[in-house]
Amino acid sequence: MTSSLLLPIAALVSVCAFGQGAVGEFVPDVGFDLSGNWNPLLHEDFPERIPGPELVNYAGLPINEGSRLWGESWNASRLTMPEHQCQVHVSPYIYRGPLQMRVWDEKDPQSQKIIAIKNYISTYEQTRTIWMDGRPHPPAWAAHTWMGFSTGKWDGNILTVYTTHIKQGWVRRDGLPESDQATLIEHFIRHGEHLTHVSMVTDPVYLTEPLVKSQDFLLNTNAGGNWLYPCEEVEEVEGRPRGAVPNYLPGQNPFITEYANMYHLPLIAALGGPETMYPEFEKVIKNPPPTPSDRLARDEIVPMPVPNAAQNPNPTDGEVHILPVQGNVYMLVGAGGNITVQVGDMGVLIVDTGLAETADKVIAAIHKLAPDKPLQYIINTHVHPDHTGGNEKLRAAGVTITGANVTGDIADAGKGAAVLAHQAVLDRLSMASGKQPAAPVGAWPTDTFLGDSKTLWFNDEPVEILHEKAAHTDGDSIVFFRHSDVIAAGDIFVTTGYPFIDLARGGSIQGELDALNNLLDLAIAKHDEEGGTYIVPGHGRLCDRWELIEYRDMVTIIRDRIQAMLKKGMTLDQVKASRPTMDYDARYGADKGFGTTDQFVEAVYKSLGGK
Amino acid sequence: MKRTLLLLAVAAASVLSTQVKVYAHHSFAATYFEDQEVKIEGKLVQFLYRNPHSFVHIEAPDDKGVMQTWAVEWGAGGQLSRDGVTRESLKPGDIVVVTGNPGRNPDDHRIRMRSITRPSDGWNWKGVVQ
């Protein structure tokens, strides 16, 4: 049951949510243990669950205009792409359709206190952990997962759960998105052999108010089967060009009115929005305003700018923080651009050096990670000062291990760490550009490469430096730690905004897309597009392949739109005014500072040949 | 509320008519024209017995006579196993006749399987992909 009817129930239950009582100490009454195997009861919103929602059926959902545009541009063919075939339903959605669910407690063997309540959901083989031991949620720059990070507490006989760090997923699986900014509050309520699950998802990017749903389960005392659901991606559709992302250009979705016509509803009802959740909307249905199906043709409407509603993924305390990634690799945040650190017996290798003013804090963080090891290598992903600003100090804090087969003093050669980068980075750092003076000699790369790649073996793992031509700039490199399975992407990939395509320094939209697709080729998910290869973006939170997929899709779709507008002869001002990024602006947009939405649109427009 | 009741009634009717029992990972309604049916006959080039859904790829002409590779979506491994279909039931080179719901994007050449028959020995399957 979606939304309106549930609101009073949810409000009542919410009163109890996160109230008094120490986390994890309450022991529910006998009979209220949630452990067991549970089968879903599918009577609530059955058509949405089986066989699945119709296209452009958004009725009763509190979506905003950005969500609606996202949904209307969504083409079901997207699910035929190998990288989308194993997309898991996120925790706010997956309870609508688990084939089976198992719940059990994990207890401290010494004290027998509950550490966590676990859910195994057979659909996509998801194991969810609800921590009951009072641990804090991870920082904003930590990675997200399909199930998110959950903490729970007992309020009387109700288990209340709060979840953050959820991946981008569905609000409804006909193309309506839920952003990675969504959070979830749930109540698990057991009545004998029945279990009621009430969920309230809040999404500042795509929902205007919380979406409340409930679903029920029945205890299954005779569970059988192996409950496995391995998903393998395959080539469903032959011959699709590399990097192509099926989507409908604004105004060209041929199925906009299909659902409304099928059920004899006014289109305004099918298009959803908070007003369609409440009984008062019945009056609107009786006298619906005209809603032309082509209302989204971008040259026929004047969309309003959408403010960015995403959480700041950076530390706000002015400090540089260390986040373990995996293997030998760590991520430093708070120094401007993200810094990737690889440590081991041989010493320390870092990718990028952050801003000049944070260099001392970066050195301190590296020292904390490897107090007795020399900083030997610095790799620059590109030329910008938020990634090279610390070069001079960091280089001076390191050493180059060298030698010779002749007797003599080689101390000079060993001074400072080696700084590796593509030749274009050295060219630009060593030359004044406009009003920008050349960087000091001590900040220049000491070792450059001209070709497509450079490799080295360090700390017992191969490290590949792969040049990406004309992407964010003309000197971009990504750095792949093959054993740790981590990629430092530089500013080719960020989670804080649209890609900044620096046309003045040789960037281009096609190069950016090529680079994103190359990154995708390198990244392999561990299970259902989660885990496996981790990616340190130039700015923002730690990611895996899924975030890269959604980001590549977004940039491709916006490129397609602007290309279509160019073909129609639209001027840059007309393109900007039509807000071709509107469905992503609440997540990635900016109207001031470095890398605004307008700058992105302009860069794409000009990169595609627009004047 | 009248609208809600109407929708529920329509939903219930829909459930009874389709008799689908298990949740699909994607929405069939969003992916296929469920009210249309097409038929193709051609050579099986690949049988992917897998989750979330199996696929058979078939070389067969489209309605203009142009040879295409069709991706026919079938049941999950578990469903097919229950129906007696195994990984060895079909092999590349088999000539088969398939009926099913066409995909919404004609360029994808996708079909949701409703039936498959191998005329050479009469082997066949018919049902609802779950």
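As the structure is a prediction and not an experimental result, all values here were calculated from the model. We use all heavy atoms of the structure for the numbers below, so side chains are in, but hydrogens, waters and symmetry mates are not. Reminder, nothing fancy here: chain letters follow the sequence lines and each chain counts from 1.
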* Asked: Is there a side-chain contact (heavy atoms from CB on, under 4.5 Å) between B:Phe33 and A:Glu258 once you walk through the steps?
  -> CA-CA 11 Å; B:Phe33 289 114; A:Glu258 184 181 87; 4.1 Å; yes
Dump the intermediate steps for side-chain contact (heavy atoms from CB on, under 4.5 Å) on B:Arg50 and A:Gln85, then the final yes or no.
CA-CA 12 Å; B:Arg50 63 185 273 273; A:Gln85 290 168 18; 3.3 Å; yes
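Between B:Thr31 and A:Ala76, the closest heavy-atom pair is CA-CB, 3.9 Å. Pairing each heavy atom of B:Ala29 with each of A:Pro53, the nearest pair is CB-O, 3.8 Å. A:Gly52 and B:Ser27 get closest at one heavy-atom pair: C-OG, 3.2 Å.
Using non-hydrogen atoms only and a strict 4.5 Å limit, the part of residues 97-106 of chain B facing chain A consists of B:Arg104, B:Asn105.
Side chain of B:His57 to backbone of A:Glu236: a donor-acceptor contact under 3.5 angstrom is found.
Here CD of B:Glu73 is found 9.5 Å from CG of A:Leu79. Values are rounded to the nearest 0.5 Å. Within the model, atoms CD of A:Glu233 and CG of B:Leu48 stand 12.0 Å from one another, a figure rounded to the nearest 0.5 Å. Going from atom CG of A:Asn75 over to atom CG of B:Asp107 covers 9.5 Å, rounded to the nearest 0.5 Å.
For A:Glu238, the part lying near chain B is the side chain, with the backbone staying farther off; criterion is any non-hydrogen pair under 4.5 Å.
Within the structure, salt bridge (charged side-chain N to carboxylate O under 4.0 Å, His left out) contacts touching residues 59-68 of chain B (residues at least two apart or in different chains) do not occur.
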